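Working notes, beginning with the structure itself.
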2 protein chains.
Amino acid sequence: MRKIYVIGIGAGDPDHLTLQAAKAIGRTDVFFLLDKGEAKESMIELRRRMLKAYGKPGRRIAEGRDPDRDRTPADYEGTIADWRRRRSEVTEALISEHLLDDEVGAFLVWGDPSLYDSTIAILEEILARGATRFEYEVVPGISSVSALAAKHRVGVNRVGQPFQVTTGRRLAEQWPAGVDDVIVMLDAHQSFGTVEGDVDIYWGAYLGTPDELLISGPLAEVADEIRRVRAEARERHGWIMDTYLLRRRT
Amino acid sequence: MRKIYVIGIGAGDPDHLTLQAAKAIGRTDVFFLLDKGEAKESMIELRRRMLKAYGKPGRRIAEGRDPDRDRTPADYEGTIADWRRRRSEVTEALISEHLLDDEVGAFLVWGDPSLYDSTIAILEEILARGATRFEYEVVPGISSVSALAAKHRVGVNRVGQPFQVTTGRRLAEQWPAGVDDVIVMLDAHQSFGTVEGDVDIYWGAYLGTPDELLISGPLAEVADEIRRVRAEARERHGWIMDTYLLRRRT
């Protein structure tokens with residue numbers, strides 16, 4: 001039986017790698033990479049260094065072209081579902097073509113595979129179609145949420161209190177009901193600008209990398225600084241990945 | 001200046017340790033342990049093995065007695081605040097007495113220090129009192145949430161959707177507003193029993209350890225099994241630490 005690892009490799013710091021992840025990398029014959037042609041050169045380089053440090057001799061890399069998707073769709077979930085299906089077809093072709101019987105394959109996932117990542121869902125979709133068979137295992141990783149909280153030295157929850165993890169898209173609609181602590185992922189539009197009231201923000205970008213940026217303080221006081229720093233960094237690097245915690249004072 | 005690491009060591013699997021955590025352990029002169037006299041022998045043993053594997057020669061251990069607290073308080077937050085203050089006093093005494101100038105100390109925290117753990121807040125409380133000075137750094141760890149999701153091979157969120165992390169105490173009051181996916185921590189009373197409707201549960205205990213237990217399925221069908229397995233395990237081990245994801249079908 002073929003086996004596939006879905007390996008969380010942490011938020012950007014090579015030392016976020018767990019011993020479990022390093023061992024899984026060392027057992028892998030074929031690494032599957034789905035990348036856009038563009039950008040994120042520093043992240044690709046980091047992954048390359050991990051393979052060099054922990055991969056076994058003779059390991060192979062099977063690269064596929066990540067399908068394009070509409071970044072500003074009218075029907076968000078429908079668009080994502082369609083993109084996921086096309087992505088699963090590219091992925092299935094890679095697995096069928098490159099992973100031999102009794103070999104071990106792996107996907108390296110930034111952060112933690114359980115948090116806003118589609119690899120698990122894509123593998124389930126392939127298995128559900130029934131044409132390509134394999135077993136698979138998920139190796140947890142340090143999420144950008146854990147990395148953010150560690151760098152700011154804050155808890156994501158307050159004593160006995162709940163918190164919510166949501167997207168920039170949803171925060172822009174309204175502050176989530178029933179919580180005073182909100183972590184925002186996938187926010188391309190600085191939705192913190194829509195938030196009113198007495199709120200502190202803990203913001204971070206390129207977490208764990210040499211380019212890491214951290215800003216925190218009362219939202220009303222630091223929002224403009226975050227917008228400015230974010231725009232400059234995005235311009236300089238060609239891409240940005242950021243996340244933040246909003247904490248309402250109570 | 002004295003330095004203190006707050007090191008997340010993962011949910012129970014020794015291979016959850018990150019390279020960053022292993023390096024921080026290797027730089028530490030004094031490990032601070034606050035333990036109850038009782039129970040969790042297997043977890044203490046796991047920590048001992050980590051120190052043996054990654055600690056430097058001559059490292060010391062400074063042990064303090066964790067203050068007792070009322071486990072069924074009328075005023076939950078007040079009781080926790082009082083317990084935290086007493087805990088910070090014990091901790092401050094340990095640091096003052098055992099950590100010399102220019103030495104490095106460390107607290108080893110299960111899971112991730114940002115998630116339902118009080119170590120960061122305790123260090124802030126000590127610094128705020130102003131009598132004991134040190135710098136400190138947080139090393140993120142694999143949380144029980146990431147470990148749970150990895151073992152069940154599920155995402156904690158669905159596409160573009162938010163999720164909430166909350167406590168058993170709060171779930172027993174009501175299903176959180178605005179979310180269909182809820183992760184429950186610190187649930188001593190199997191509060192999933194109060195949940196109605198078409199919900200799947202992904203439950204895990206002793207995650208990452210040889211005693212790990214995993215049960216998943218429609219809540220109505222597996223709730224009794226979880227109660228039975230949980231009660232037997234708790235009886236056998238003398239303690240239990242469990243967490244679960246509830247996913248409402250939509």
Side-chain angles (χ1 to χ4, degrees), chain A residues 6 8 10-11 13-23 76-77 80-81 84 112-118 120-121 123-124 136-143 145-157 159-167 169-170 176-179 182 185-186, chain B residues 6 8 10-11 13-23 76-77 80-81 84 112-118 120-121 123-124 136-143 145-157 159-167 169-170 176-179 182 185-186:
Chain A
V6 180
D13 184 336
D15 281 349
H16 281 170
L17 207 69
T18 66
L19 305 171
Q20 188 182 17
K23 288 178 183 174
Y76 182 76
E77 280 156 43
I80 294 288
R84 183 175 282 180
D112 181 70
S114 77
L115 202 62
Y116 296 96
D117 180 77
S118 59
I120 294 172
L123 294 184
E124 288 291 339
Y136 79 100
E137 186 177 329
V138 179
V139 178
I142 298 296
S143 68
V145 175
S146 292
L148 176 79
K151 283 303 175 81
H152 283 292
R153 306 189 309 184
V154 289
V156 291
N157 66 286
V159 176
Q161 300 293 316
F163 65 95
Q164 189 170 124
V165 183
T166 193
T167 63
R169 174 182 303 266
R170 288 187 173 263
V179 290
V182 178
M185 316 275 292
L186 312 175
Chain B
V6 180
D13 184 337
D15 282 349
H16 281 170
L17 206 70
T18 66
L19 305 171
Q20 188 182 18
K23 287 178 184 175
Y76 182 76
E77 281 157 41
I80 293 289
R84 183 175 283 180
D112 181 72
S114 77
L115 203 62
Y116 295 96
D117 181 77
S118 59
I120 293 172
L123 294 184
E124 289 291 340
Y136 80 100
E137 187 179 328
V138 179
V139 178
I142 298 296
S143 68
V145 175
S146 292
L148 176 78
K151 284 303 175 80
H152 283 292
R153 306 190 309 184
V154 290
V156 291
N157 66 286
V159 176
Q161 300 293 318
F163 65 94
Q164 190 172 122
V165 183
T166 193
T167 63
R169 175 182 302 267
R170 288 190 173 261
V179 290
V182 178
M185 316 273 294
L186 312 175

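Quick note on labels: first sequence line is chain A, next is B, and so on, each numbered from 1. Computed from a prediction, not measured in an experiment: that's the story for all the values here.
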(message) Shorter than 4.5 Å, heavy atoms on both sides: which option in A:Gly141, A:Ala22, A:Ala121, A:Pro162 has the most such pairs with chain B?
(response) A:Pro162
(message) Between A:Thr166, A:Val156, A:Val154, A:Leu186, who has the most heavy-atom pairs with chain B when the cutoff is under 4.5 Å?
(response) A:Val156
(request) Measure across A:His16 and B:Pro140 and return the closest heavy-atom pair with its distance rounded to 0.1 Å. (result) NE2-CG, 4.0 Å
(request) Apply salt bridge (charged side-chain N to carboxylate O under 4.0 Å, His left out) to A:Arg153 and list each qualifying residue two or more places apart in sequence or on a separate chain. (result) none
(request) Please name all residues satisfying salt bridge (charged side-chain N to carboxylate O under 4.0 Å, His left out) with B:Glu137, sequence neighbours left out, ordered by chain then number. (result) B:Lys3
(request) Between chain A and each of B:Leu115, B:Val159, B:Val6, count heavy-atom pairs under 4.5 Å; write down the option with the most. (result) B:Val159
(message) With chain A as the partner, which of B:Ser146, B:Pro14, B:Pro176 has the greatest number of non-hydrogen pairs under 4.5 Å?
(response) B:Ser146
For [X], is it the side chain, the backbone, both or neither that has a heavy atom under 4.5 Å from a heavy atom of chain B?
| X | result |
| --- | --- |
| A:Gln161 | both |
| A:Lys23 | side chain |
| A:Ile120 | side chain |
| A:Asn157 | both |

(request) State whether the side chain of A:Asp15 and the backbone N or O of B:Leu19 hold a donor-acceptor pair below 3.5 Å, judged by distance alone. (result) no
(message) Using heavy-atom distances under 4.5 Å, tell me whether B:Ile80 contacts chain A through its side chain, its backbone, both, or neither.
(response) side chain
(request) Taking the side chain as every heavy atom from C-beta outward, state whether B:Thr18 and A:Leu17 have any atom pair closer than 4.5 Å. (result) no
